[in-house]
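Before any comments, here is the structure.
Just so it is clear, the values below take in all heavy atoms, side chains as well, and ignore hydrogens, waters and symmetry mates. In what follows, residues are counted from 1 in the order of the sequence shown.
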Amino acid sequence: MPTHPPEGFPTLQPTSPRIAELDRLGDEIAELSAHLEAATARLLALIREFDARRGWNTGFRSCAAWLAWRVGLEPGAARERVRVARALGTLPALAEALARGELSYAKVRAITRVATPETEARLLAVGRAGTAVHVERIVRGWRRVDRQAEAREATRQYAGRALHVYQDEDGTVVLRGRLTPEVGALLVRALDAARETLYQKRRVAAAALPPTDPASEAPTRAQQQADALALLAETALHHELDPGAPGERYQVVVHVDAAVLADPEQPGQSVLEEGGHVPAGTSQRLACDASRVVMRHDAEGRVVEVGARTRTIPPALRRALQHRDRTCRFPGCTVRVGQGHHVRHWAQGGPTTLWNLALLCRRHHRAVHEEGYQLERMPDGALQFRRPNGWLLPDVPPAAAVPADPVGTLRAQHAAQGLRVDARTTCPGWLGERLDVGWAIDVLHPRATRAFR
């Protein structure tokens, strides 16, 4: 006897094979995405450790610059990876949620812009409950409250502006001051640009110095800032900040014997005008792209002849060099402000021709002359760089080995780590309700007021 469903109830229809297949594809996308988020957490942890141990300090100015060269990331994306990696070092709950595939990298990236150890828990709840769009809106509102709180201190900051410059007992100059936000931002931008030009400080090759030598230690952030400030002062004077004084007054003069320029191992002088000694390698670097005056002395040391000042690289040749090379030729470097480097130094018989020149930023010019890096032009015109230990430094690093089944390998690794990832792992708790950003900030932000709404 046939039966019929009660009146008013819909008849259930079996799911069509097409819909079932699309649901399966959707679940596979969601599951694999969760696996990728978990793998991203491991990647960020490795970047954080690599950055902390300064593994990038092999001719690169920062961890982000190394990532752009070694991994092929766009520079902005590389800087963001490093920023998030550093932030997660102080936000363990967020790092763990990403490692389990429960939060997407997009959510974590947004939350780390404002999260602190004190606010981590409540922002983690926002990430689990909302979509990436919700998280971005909450973060924007959060930052707005922060800006309002900062604005209340603007008057006090302006009144406290000051700059003190004095000489310490050992002869060093000490700076101490406080600048208004707009002036401070200008200084910070200028220092950032100077550090970029300097390619983040010098590094003495580990093979050339014993491990205990203080000179072999990587420069601290404060040391990098000091060098950047020196470059700013030098640049300002070079552009005749004091138009009433002759430019010659501000030039740095180095006296170096011809034999020392040709071979740093030879005995002879390499001193500043004021009498301070500089290494022969430094003199070679400075002489690579600077004005020079040949002075001849008699047996008593008296000057008997002074030649006319000449420019090592003529302006027309410099323009051709800049047009050909565009940026610093050191692998991975994109700094556009550079110095002309003689591949074979002119003091050793190398000609000042376009073939024998290469554009190097200040940081890498120093690396080649004073830190043991080697540069050679091959017969086909290509430049070949080597590290101080002789290892080749390629323009483009070789691609990493990838397993035949990368997805299967990733799943197997996560299973071995005890991770349970499925299509629902990254699903937020949002049920479709409207997001009230003002109310959410009032509840979440410790400094929020009802006036924000």
For residues 326-333, dump all side-chain donor-acceptor pairs below 3.5 Å to protein atoms at least two apart in sequence or in another chain.
unit_1, atom_1, unit_2, atom_2, d
Arg326, NE, His323, O, 3.0
Arg326, NH2, His323, ND1, 3.3
Arg329, NH1, Asp325, OD1, 3.2

Which heavy atom in [X] sits nearest to a heavy atom in [Y], and how many Å separate them?
X: Arg48; Y: Leu88; answer: NH1-CB, 3.8 Å
X: Arg336; Y: Leu359; answer: O-CD2, 4.5 Å
X: Gly340; Y: Leu321; answer: CA-CD2, 3.8 Å
X: Ala64; Y: Arg79; answer: CB-CG, 3.6 Å

(request) For the pair Thr112 (side chain) and Val108 (backbone), establish whether a donor and an acceptor sit closer than 3.5 Å, ignoring hydrogens and angles. (result)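 Answer holds: yes.
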(message) If we ignore hydrogens and angles and just use 3.5 Å, is the side chain of Lys107 paired with the main-chain N or O of Gly127 as donor and acceptor?
(response)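 The answer is yes, because a donor-acceptor pair under 3.5 Å joins these two groups.
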(request) Please collect all salt bridge (charged side-chain N to carboxylate O under 4.0 Å, His left out) contacts where either partner lies in residues 376-398, sequence neighbours excluded, each pair once. (result) none
(message) Enumerate the salt bridge (charged side-chain N to carboxylate O under 4.0 Å, His left out) contacts for residues 26-43, please, sequence neighbours excluded, ordered by first and then second residue.
(response)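 Qualifying pairs, neighbours excluded: Arg24-Glu28, Glu31-Arg411.
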(message) So, applying salt bridge (Lys or Arg N to Asp or Glu O under 4.0 Å) with Glu102, which one of Arg128, Arg420, Arg424 is it?
(response) Arg128
(request) Take Arg344 and Asn356 through the test side chain to side chain contact (heavy atoms under 4.5 Å, CB included) and record every step on the way to the result. (result) CA-CA 7 Å; Arg344 177 176 172 81; Asn356 193 48; 3.6 Å; yes
(request) Ignoring hydrogens and angles, state whether a donor on the side chain of His341 or His369 is under 3.5 Å from an acceptor on the partner side chain. (result)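 There is such a pair between these side chains.
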(request) Let me see the working for Phe50 and Leu67 under side chain to side chain contact (heavy atoms under 4.5 Å, CB included), right down to the final yes or no. (result) CA-CA 11 Å; Phe50 187 77; Leu67 282 173; over 6 Å; no
(message) Restricting to side-chain contact (heavy atoms from CB on, under 4.5 Å), what partner residues turn up for Pro117, sequence neighbours left out?
(response)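 Testing Pro117 for side-chain contact (heavy atoms from CB on, under 4.5 Å), a comparison that skips the adjacent residues, returns Leu91.
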(request) With sequence neighbours excluded, tell me which residues meet side-chain contact (heavy atoms from CB on, under 4.5 Å) with Arg109. (result)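 Result, side-chain contact (heavy atoms from CB on, under 4.5 Å) vs Arg109: Glu80, Arg83, Val84, Tyr105, Ala106, Arg113.
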(message) One pair to check against side chain to side chain contact (heavy atoms under 4.5 Å, CB included): Gln225 and Leu229. What are the steps and the verdict?
(response) CA-CA 6 Å; Gln225 293 283 73; Leu229 184 59; over 6 Å; no
(message) Are more than 12 heavy atoms, taken from residues, nucleotides or ligands other than Trp355, located less than 6.0 Å from that residue's CH2 atom?
(response)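 It does: Trp355 CH2 has more than 12 such atoms within range.
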(request) Could you check Thr119, Ile138, Val145 and say which one makes a side chain to side chain contact (heavy atoms under 4.5 Å, CB included) with Leu444? (result) Ile138
(request) Name all residues meeting the side chain to side chain donor-acceptor pair (under 3.5 Å) criterion together with Glu96; count only those two or more places apart in sequence or in a different chain, and write none if there are none. (result) Arg100
